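I have placed the structure first, in the form of structure tokens, so that the comments after it can refer back to it.
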Amino acid sequence: MLVYPCGLDVSSRSLTFLAARLREHRRRIGSRWRRLPVGRQALLVLAHLRNGTTYAQLAAGFEVGTSTVYRYINEAVELLAALAPTLDEAVRTASRKAYVLLDGTLLPIDRIAADRPFYSGKHKKHGMNVQVLADPFGRLLWASPALPGAVHDVRAAREHGIVDALTEVGITCWADKGYRGAGGTVRTPYWGRWETLSAGQQAVNRSHAKIRALVEQAVATLKSWRLLRKLRCSTNRTTGIVQAVLALHLASSA
């Protein structure tokens, strides 16, 4: 396999943050020797998450075994996922905002044997459903654990307790028609064909669309980590990867 230099569009703060967490972890478990120092391990993990670089490619580039790459990535993902904010923490942050934006996104996956629960009729593909909360400027605040792609957005929001958590503290939440019937403080546009809506309802829907459009920036932020554009791992690992990406993003943008 040929090896070549490659750039990584991630801030140095992400590398420094991850390296510090790995250093603390190695000190805590008493790890005396590793094939790669913490800085190189952090770079390896970022290359995998940001660019979706495969284990075999990373093994060749960093001159280690494929099993070593697997262990290094799993170790870092578990450390980062534990640092991601919980829904309660995200709601406390959101309580200082005028309102929040809610949307669901599908993270595509390879087809698996039990593929039916993972098939999204809306997107016409297999994947994992992840709910995203953003502030009024479209900045990512929180990403939920992943559910099978067949789960509808409003059901996912209820299962994660998003609606109850936001309602409890009285935070207005703007969402699309997929959350119709969610209740609480969730605001959705008027339902129906455009031509059947009154002039007032059409005006409300236009304003609603302008407000919630910025949530797409938060979704794009999540998917700027290219590994999430096509997951080729076990569906059981999706939540950990999403939470790890969330922790890295929040740490680098703080």
Side-chain angles (χ1 to χ4, degrees), residues 13-14 17-18 20-22 24-25 28 45-46 49 73-107 127-149 151-175 178-179 182-186 212 214-215 217-225 227-228 231 233-254:
R13 294 180 65 179
S14 296
F17 174 79
L18 179 52
R21 302 292 80 75
L22 290 170
E24 292 170 1
H25 175 69
R28 185 166 58 250
V45 173
L46 290 176
L49 296 177
I73 291 174
N74 275 2
E75 180 181 52
V77 166
E78 289 178 3
L79 284 174
L80 290 170
L83 299 174
T86 64
L87 177 59
D88 288 340
E89 292 170 339
V91 168
R92 283 197 293 273
T93 301
S95 65
R96 299 190 292 271
K97 311 292 182 181
Y99 55 85
V100 294
L101 308 172
L102 173 63
D103 198 11
T105 187
L106 188 81
L107 304 180
M128 303 294 288
N129 180 303
V130 172
Q131 300 294 299
V132 171
L133 281 177
D135 71 7
F137 299 98
R139 292 177 296 215
L140 181 63
L141 296 176
W142 180 76
S144 74
L147 292 174
V151 177
H152 196 272
D153 281 340
V154 68
R155 177 185 160 192
R158 286 171 176 157
E159 286 194 20
H160 295 309
I162 299 171
V163 177
D164 291 340
L166 295 175
T167 302
E168 185 177 346
V169 295
I171 304 172
T172 301
C173 173
W174 298 84
Y179 296 88
T185 56
V186 177
R212 66 163 301 278
L214 288 175
V215 74
Q217 292 184 14
V219 173
T221 295
L222 197 63
K223 291 188 175 181
S224 65
W225 298 80
L227 183 66
L228 297 179
L231 290 163
C233 60
S234 167
T235 54
N236 295 327
R237 296 183 57 211
T238 305
T239 293
I241 293 172
V242 170
Q243 297 302 304
V245 166
L246 175 63
L248 276 171
H249 169 71
L250 294 178
S252 62
S253 59

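Predicted, not measured: the structure shown is a model, and the values here were computed from it.
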- [ ] Side-chain contact test, heavy atoms from C-beta onward, threshold under 4.5 Å: evaluate it for L214 versus P136 and give yes or no.
- [x] no
Task: Side chain proximity check, Y179 to Q131, heavy atoms < 4.5 angstrom - done: yes
Open item on the list: Looking at F17, I'd like to know if the NZ or CZ of R21 sits under 6.0 Å from its six-membered ring centre while staying within 45 degrees of the ring's axis.
Closed with: yes
Task: Closest contact, heavy atoms only, A90 versus L141 - done: CB-O, 4.3 Å
Open item on the list: On a heavy-atom basis, which atom in H160 and which in S144 lie closest, and how many Å separate them?
Closed with: NE2-OG, 3.4 Å
Open item on the list: Once salt bridge (Lys or Arg N to Asp or Glu O under 4.0 Å) is applied, do any residues pair with R158, and if so which ones, sequence neighbours excluded?
Closed with: none
Task: Closest approach of G183 to V163 (non-hydrogen atoms, all atoms of both residues) - done: O-CG1, 3.8 Å
Task: From L250 atom CG to L246 atom CG, the distance as rounded to the nearest 0.5 Å - done: 4.5 Å
- [ ] Any chance you could measure L80, atom CG, to L49, atom CG, to the nearest 0.5 Å?
- [x] 7.5 Å
Open item on the list: Testing the basics here: between V91 and V169, what is the closest heavy-atom pair and its distance to 0.1 Å?
Closed with: CG1-CG2, 3.5 Å
Task: pair R212-D103: side-chain heavy atoms closer than 4.5 Å - done: yes
TODO: Decide yes or no for L79 and E24: does some side-chain heavy atom of the first lie under 4.5 Å from some side-chain heavy atom of the second?
DONE: no
Task: CG on L147 to NE2 on H152, rounded to 0.5 Å - done: 13.5 Å
Task: Smallest separation among heavy atoms of L106 and K223, with atom names - done: O-NZ, 3.0 Å
Task: Neighbour count >12 (heavy atoms, 6.0 Å) for atom CD, E168 - done: no
- [ ] Find the distance between CD1 (I171) and CG (L102) and round it off to the nearest 0.5 Å.
- [x] 12.0 Å
- [ ] Scan for salt bridge (Lys or Arg N to Asp or Glu O under 4.0 Å) pairs involving residues 78-94, sequence neighbours excluded, and state none if there are none.
- [x] none
Task: Distance in Å, T185 OG1 paired with D164 CG, rounded so as to fall on 0.5 Å steps - done: 10.0 Å
TODO: Can you measure from CG (L248) to CZ (R13) and round to the nearest 0.5 angstrom?
DONE: 12.0 Å
Open item on the list: For a quick test of reading the model, state the closest non-hydrogen atom pair linking S14 to L46 and the distance between them.
Closed with: C-CD1, 4.3 Å
Open item on the list: Determine whether a donor-acceptor pair (N or O, by modelled atom type, separation under 3.5 Å) exists between the side chain of T105 and the backbone of V130.
Closed with: no
Task: Min side-chain heavy-atom separation T93-P85 under 4.5 Å - done: no
